[in-house]
2 protein chains.
Amino acid sequence: MTLERPYSRPLKQLNSVGLRPTSQRMIIAKILFDGTDKHVTAEMLHYEVLKSQKKVSLATVYNTLHLFTELGLLREIIVASDCSYFDTNTSNHYHFYHEDTQELIDIHENDIRIDRLPTPPEGSQITRVDVVVKVGKKSR
Amino acid sequence: MTLERPYSRPLKQLNSVGLRPTSQRMIIAKILFDGTDKHVTAEMLHYEVLKSQKKVSLATVYNTLHLFTELGLLREIIVASDCSYFDTNTSNHYHFYHEDTQELIDIHENDIRIDRLPTPPEGSQITRVDVVVKVGKKSR
DNA sequence: GTGTTTGCAAAGTGTTTGCAATTTA
DNA sequence: TAAATTGCAAACACTTTGCAAACAC
């Protein structure tokens, strides 16, 4: 935890993409960019915000998550059709998705390898490769 | 196309999982299991149904898609948070997802390979591996 | 007949939007 | 003060559900 400079990283992140550091964004950025990798849903983040400081509307949370994603500060991960996750680690990596707990867990780059990527259909190019390894409770 | 025995395959599929071959299910099964691999959304399927024969309610389409999926006749594929695809090919394979056309395209088993699958977290086991290769229009 | 299946319309979910009020630079 | 941002509540898209009528066996 970066207790010694709790504001510098969030501020830098906002400045780096040219967003005004409003109080709502700072609160959100402070939670997201604390130096550790996080996977959050809009609801989870909203809850964290309410827990930590003054109120930020859910609409603003959604807005901010999408803004951050467009600007490259976050990466959206689709695992289920009923909720989106956002990942503060924007580098190339994949995920475990625990079907029982709905938890998203990083798979480190070295722990999986895809070789022989397929040629994309005529006229298209690969923009991204998503890998989700679904896991469940061990049966026995 | 299996024009010669248009009903046998759908009927067999329904029988094989012990579902009553109601007219609605037969209509749906006939569209889905025509011998070719298909990727459909509930809306697409509903549209196909209406186009081909008498009416089946959207609720029943949803119901049937989920029933078929639970019983192993279909596989659900999550590519975007706002719509689910169902794949008539239930064997292990992955997909291209065209971000511009929302089209889902099979990647054949031989065209991609994942080696070194990661060890799942303590107490869990891998239930499935989903790979979606997102593609977009070639830029130049 | 009895249990299953269907269709409708209503309810539900997560998400987005329009707009007036507020805040930032 | 001009432009950006926020919050609210309404609107949204997709999906699910409750229940009475219809159907399959």
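Chain A is the first sequence line, chain B the second, and so forth, proteins listed ahead of strands; every chain is numbered from 1.
The separation between A:Leu67 atom CG and D:dA4 atom C1' is 11 Å, rounded to whole Å. Distance B:Asp82 CG to C:dG12 C1': 17 Å, rounded to the nearest Å. Taking atom CG on B:Leu65 and atom P on C:dT5, their separation rounds to 16 Å, with Å as the unit. Regarding A:Arg25, its CZ atom lies at a distance of 14 Å from the C1' atom of D:dG7, rounded to whole Å. For the pair B:Glu76 CD and D:dC14 P, the interatomic distance rounds to 15 Å; values are reported in whole Å. The separation between A:Met26 atom CE and C:dT23 atom C1' is 16 Å, rounded to whole Å. Protein atom NZ of A:Lys55 is 7 Å distant from nucleotide atom C1' of D:dG7, rounded to whole Å. Distance A:Ile27 CD1 to D:dG7 P: 9 Å, rounded to the nearest Å.
Comparing atom distances between the A:Val56 side chain and each of C:dT24, D:dC14, D:dG7 picks out D:dG7 as nearest. Of all nucleotides listed (C:dT16, D:dT15, C:dC8), C:dT16 comes nearest to the side chain of A:Tyr62. Distances were taken from every side-chain heavy atom of A:Asn63 (C-beta onward) to each of C:dG7, D:dA24, C:dT17; the shortest belongs to C:dT17.
Direction change of the helix axis from one end of the helix from C:dG1-D:dC25 to C:dA25-D:dT1 to the other is 30°, with five pairs defining each end axis (rounded to 10°).
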Full working for salt bridge (charged side-chain N to carboxylate O under 4.0 Å, His left out) between A:Arg116 and B:Asp111: CA-CA 6 Å; A:Arg116 213 171 355 155; B:Asp111 292 346; over 6 Å; no
Apply the test side-chain contact (heavy atoms from CB on, under 4.5 Å) to residues A:Asn89 and A:Asp106: give CA-CA distance (whole Å), side-chain angles for both, the deciding distance (0.1 Å), then the verdict. CA-CA 9 Å; A:Asn89 176 355; A:Asp106 282 342; 4.2 Å; yes
Stepwise salt bridge (charged side-chain N to carboxylate O under 4.0 Å, His left out) test for B:Arg113 and A:Asp115: CA-CA 5 Å; B:Arg113 190 171 57 215; A:Asp115 44 39; 3.7 Å; yes
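Side chains of A:Thr64 and A:Gln24: a donor-acceptor N/O pair is absent below 3.5 angstrom, by distance only. For the residue pair B:Ser57 and B:Lys55, no side-chain donor N or O sits within less than 3.5 Å of a side-chain acceptor on the partner.
The shortest distance between the side-chain N/O atoms of B:Thr60 and the OP1/OP2 oxygens of C:dG7 is below 4.0 Å. Dashed line: the shortest gap from a side-chain N or O of A:Gln24 to OP1 or OP2 of D:dG7 is under 4.0 Å.
Among the atoms of the strands shown, only primed sugar atoms or phosphate atoms (P, OP1, OP2) are found under 4.0 Å from some heavy atom of A:Ser84. No contact: B:Ser81 has no heavy atom under 4.0 Å from any strand.
Not a single donor-acceptor pair under 3.5 Å links the side chain of A:Ser124 to the backbone N or O of A:Pro120.
Donor-acceptor pairing under 3.5 Å, judged by distance alone, is present between the side chain of A:Arg20 and the base of C:dT24.
Nearest-nucleotide assignment on DNA chain D puts the 5′-proximal partner with A:Leu19, out of A:Leu19 and B:His66. Along DNA chain C, the nucleotide nearest to A:Thr41 and the one nearest to B:Ser23 differ in position, and the one closer to the 5' end is contacted by B:Ser23.
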